[in-house]
Structures are given as structure tokens and as C-alpha cells.
Number of protein chains: 2
Amino acid sequence: MAAPPEAVVHAWTRLERAHRAALAAVEDRLKAAGLPPLAWYDVLLELERAGEQGLRPFELQKAMLFAQYNLSRLIDRMSAKGYVARTASAEDGRGQLLTITRAGRALRRRIWPVYGAAIEAAVGAHLSPAEARTLGDLLEKLHPPRS
Amino acid sequence: MAAPPEAVVHAWTRLERAHRAALAAVEDRLKAAGLPPLAWYDVLLELERAGEQGLRPFELQKAMLFAQYNLSRLIDRMSAKGYVARTASAEDGRGQLLTITRAGRALRRRIWPVYGAAIEAAVGAHLSPAEARTLGDLLEKLHPPRS
DNA sequence: ACCATCTTGATGCAAGTGCATTTATCTATA
DNA sequence: TATAGATAAATGCACTTGCATCAAGATGGT
């Protein structure tokens, strides 16, 4: 049933490998710098972009493609450290609003130099600018923003 | 320090998303079919390719980019189920040789149709043949086979 | 208003992962 | 041939993830 063409299998296996290698390299650098895991950065970035009004957990969940229970506990940890604030949602009695704190913004700024350098080393260093652009565009087709 | 160009950051974030989405979709299908996780397939495939003489755990580790302790325990589980055989290495008193069993080969054959269809759905369906080829080649540059 | 159904978010428990360390064996150099 | 150092693999313990389920609040039809 639907045995995929060889080029597709090749793309998939390379996607796995490239991602695994790059992610491990990035996480290693963060750890070496005494910084929290990547997921923390993603949360901080999304919340910072959301600004004053914050984000509902389920929105963050969709933005990050994170499992509900994982996000719930990630937010536990991050708010315990004071990087994220949970407040009850005004419109929805079930829900909450997550906002980034001052400490959260500071943490994100502290992570970025290390993270950015790691991205450059793991991705940028291997590709020409045109290749990087093409790669990004092709990957975007695999999971289009608004689908 | 070394803030990467925008195209590089874009490629990285898309790599993360595309991989996360595709992987989740593939794992979901395996689970729905009552099959073990993807990593099992990778082990079975590598061992089947290695043939009679098998593979040393550390070789498998490099092939799969899997952490040593994780592989050690993954092999525990797989050999407990009879899909992989562990035997002491003849040349190296510390080491072992892993080989796939008949049941292991059967499992791999049983997984492939589901896995192949999932790859097609997650990757093939979104790309032309030429795009798939280009994507695979670009990803290969991120983690060249023999580096 | 009522009830069935859906959505949001949390949580108990089992399974997997990461970290540090350990044991055993191999290798190289003096 | 000793012996210091490297490599192969396992393991105890803490943390994270996955799974299933739950409780509380929203929603829509009657």
C-alpha cells in the first residue's frame, strides 16, 4: 500500500537524521552554557510575541505542536521559576492566560546569543544563503503555517 | 555573537516544525496499527542490513544517532521480545554482537507497509518528485553521511 | 432551563530518557 | 609486562513523557 518513491523515503530519512543531529548539537550547547532546554525558549518567544494579553495554553500548544499534558507541566516548571505568569481567563472560566514575566524576557535575551550561534553552527555553516532559503521553503510545504 | 542570517533561522524553525509534525503523524499511525515505535524499525532495518555477522551496539549507536544508554535499554526491550539476539563478541571481550531474529525480520516486514504509507502521507504528498529530491539533498548537507 | 456533548486544563501512574558512575576489557607507551 | 588511559556497555536515580482519565466550565439543541 502506497510504497513511497525512493526520493521521498530519502527525504524522510535525511529529515530524521539532520534534525536529530542538529537538535542534539543545539541542546548540548544550551546545556553547556547552563541554560534550560530549547522548549523553554519557544515558550518564552511565543509569549513575548503575544505581548500584554498573553496566550491561552491551548493556543501555545498549537503554536508549538506540543502535547497538552506536556505543555501543562512545562508551564508548571516555568512558572515555578518565575518566568511565566498564569492568570485566570476572564472570558473562559476553564482557561488561563499565560504571560511572560520580566524575568522571562531577561532569560530569553540571555538564551538567544547561545541559541543563535548554535543554529548558525548546525545549519548556516553547511549551506549557502540560497540553499538555506530553499530548504526553509521546502520544509514549509511539509507543514504549511495555516493548515 | 554570530547572529545567523534570517534565512538560516527560518530554515531551522521550519526544520523543527516539519519534523515534529511529520514524526507525530508517523508515530500516531504506527501506534494506531498496534505497532512499536519508530526506533524499533530503525534497529531492525540496520540489523537486517548488517546480515549474518550483526552489528556491535556502538556501531548501531552511531548509525542511529542514539544515546548509548538509550540504545542499551532499547535493545533490552527488543531482545526481551525476541526480535534481536545478543551474543558476546568474539574479538572484543567487552562487546556484543546484535543480530536480527526471524521474528525480528517478520516484524520489520509487518511494519513497513504502515510506515511507508505514513511517510508518503507526511512527506510525499506535499512535494513534487523534484522537490523531494532537492529536500533530501539539502538535508544531507546538514549531516553528511561520512562526517 | 435542561441535558448531552465538547473543550480546557490537570493529574496518577507507567514507561522512557538523561546524567553520572561503574565494571570490564582493550590499547599504547614506557 | 606493567600501567595509565581509552572504549564498550550497563545501571541507579531523578526527571520527563505518554496514556488514560477526570473535573470544571462552555455550548447547542430542545
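The analysis underlying the following values was restricted to heavy atoms, covering all of them including side chains, and did not include hydrogens, waters or symmetry mates. Note that the structure is a prediction, hence the values are computed from the model and not measured.
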**OP:** Please confirm whether the backbone N or O of A:A130 pairs with a side-chain atom of A:T134, one donor and one acceptor, at under 3.5 Å?
**Re:** yes
Original post:
Do the ring planes of A:H19 and B:H19 sit parallel (below 30°), tilted (30 to 60°) or perpendicular (above 60°)?
Top reply: parallel
Original post:
What distance separates A:L138 CG from B:S128 OG, expressed to the nearest 0.5 Å?
Top reply: 8.5 Å
Original post:
A:A67 side chain: which of C:dT8, D:dG18, C:dG18 is closest?
Top reply: D:dG18
Subject >> Partners meeting side chain to side chain contact (heavy atoms under 4.5 Å, CB included) with B:A25 (sequence neighbours left out) >> reply: none
Subject >> Donor-acceptor pair, side chain of A:T101 and main chain of A:G82, under 3.5 angstrom >> reply: yes
**OP:** For DNA chain C, find the residues of residues 84-95 of chain A with a heavy-atom distance under 4.0 Å and give them by number; none if there aren't any.
**Re:** A:R86, A:R94, A:G95
Original post:
To the nearest 0.5 Å, what is the distance between CZ (A:F58) and CG (A:L98)?
Top reply: 10.5 Å
Original post:
Of the non-hydrogen atoms in B:P5 and A:E120, which two are nearest, and what is the gap between them?
Top reply: CD-OE1, 3.5 Å
**OP:** State whether B:R77 places a side-chain N or O below 4.0 Å from either non-bridging phosphate oxygen (OP1 or OP2) of C:dT17.
**Re:** yes
**OP:** May I ask you to verify if any side-chain N or O of B:K31 is less than 4.0 angstrom from the OP1 or OP2 atom of D:dG18?
**Re:** no
Subject >> Value in whole Å for how far the P atom of C:dT8 lies from CG of A:L71 >> reply: 13 Å
**OP:** Could you state the atom-to-atom distance from CZ of B:R56 to C1' of C:dC26 in whole Å?
**Re:** 11 Å
Original post:
If you look at every heavy atom in B:E16 and A:L23, which pair is closest and at what distance?
Top reply: OE2-CD1, 3.9 Å
Identify all pairs in which a protein N or O lies below 3.5 Å from an N or O of nucleotides 11-14 of chain C, and state each distance.
| unit_1 | atom_1 | unit_2 | atom_2 | d |
| --- | --- | --- | --- | --- |
| C:dG12 | O6 | A:R73 | NH2 | 3.0 |

Original post:
B:L38 CG to C:dT17 P: how many Å, rounded?
Top reply: 12 Å
Subject >> Distance test, side-chain N/O of B:Q61 to OP1/OP2 of D:dA9, below 4.0 Å >> reply: no
Original post:
Just to confirm, is there a sub-4.0 Å distance from OP1 or OP2 of C:dG16 to any side-chain nitrogen or oxygen of B:N70?
Top reply: no
Original post:
What bend angle does the helix from C:dA1-D:dT30 to C:dA30-D:dT1 show across its length, from five-pair end axes and to the nearest 10 degrees?
Top reply: 30°
Using residues 28-56 of chain A as the side-chain source, report each donor-acceptor pair under 3.5 Å to any protein atom, sequence neighbours left out, with the distance given to one decimal.
| unit_1 | atom_1 | unit_2 | atom_2 | d |
| --- | --- | --- | --- | --- |
| A:Y41 | OH | A:R108 | NH1 | 2.7 |
| A:E48 | OE1 | A:R108 | NE | 2.5 |
| A:R56 | NE | A:Q96 | O | 3.0 |

**OP:** For B:H10, enumerate each residue passing the ring-ring contact (aromatic ring centres under 6.0 Å, His included) test, keeping only those at least two apart in sequence or located in another chain.
**Re:** none
Original post:
For B:E27 and C:dA15, what is the distance between atoms CD and C1' respectively, to the nearest whole Å?
Top reply: 14 Å
**OP:** Return yes if some donor-acceptor pair links the side-chain N/O of A:R14 with the main-chain N/O of B:K141 below 3.5 Å, else return no.
**Re:** no
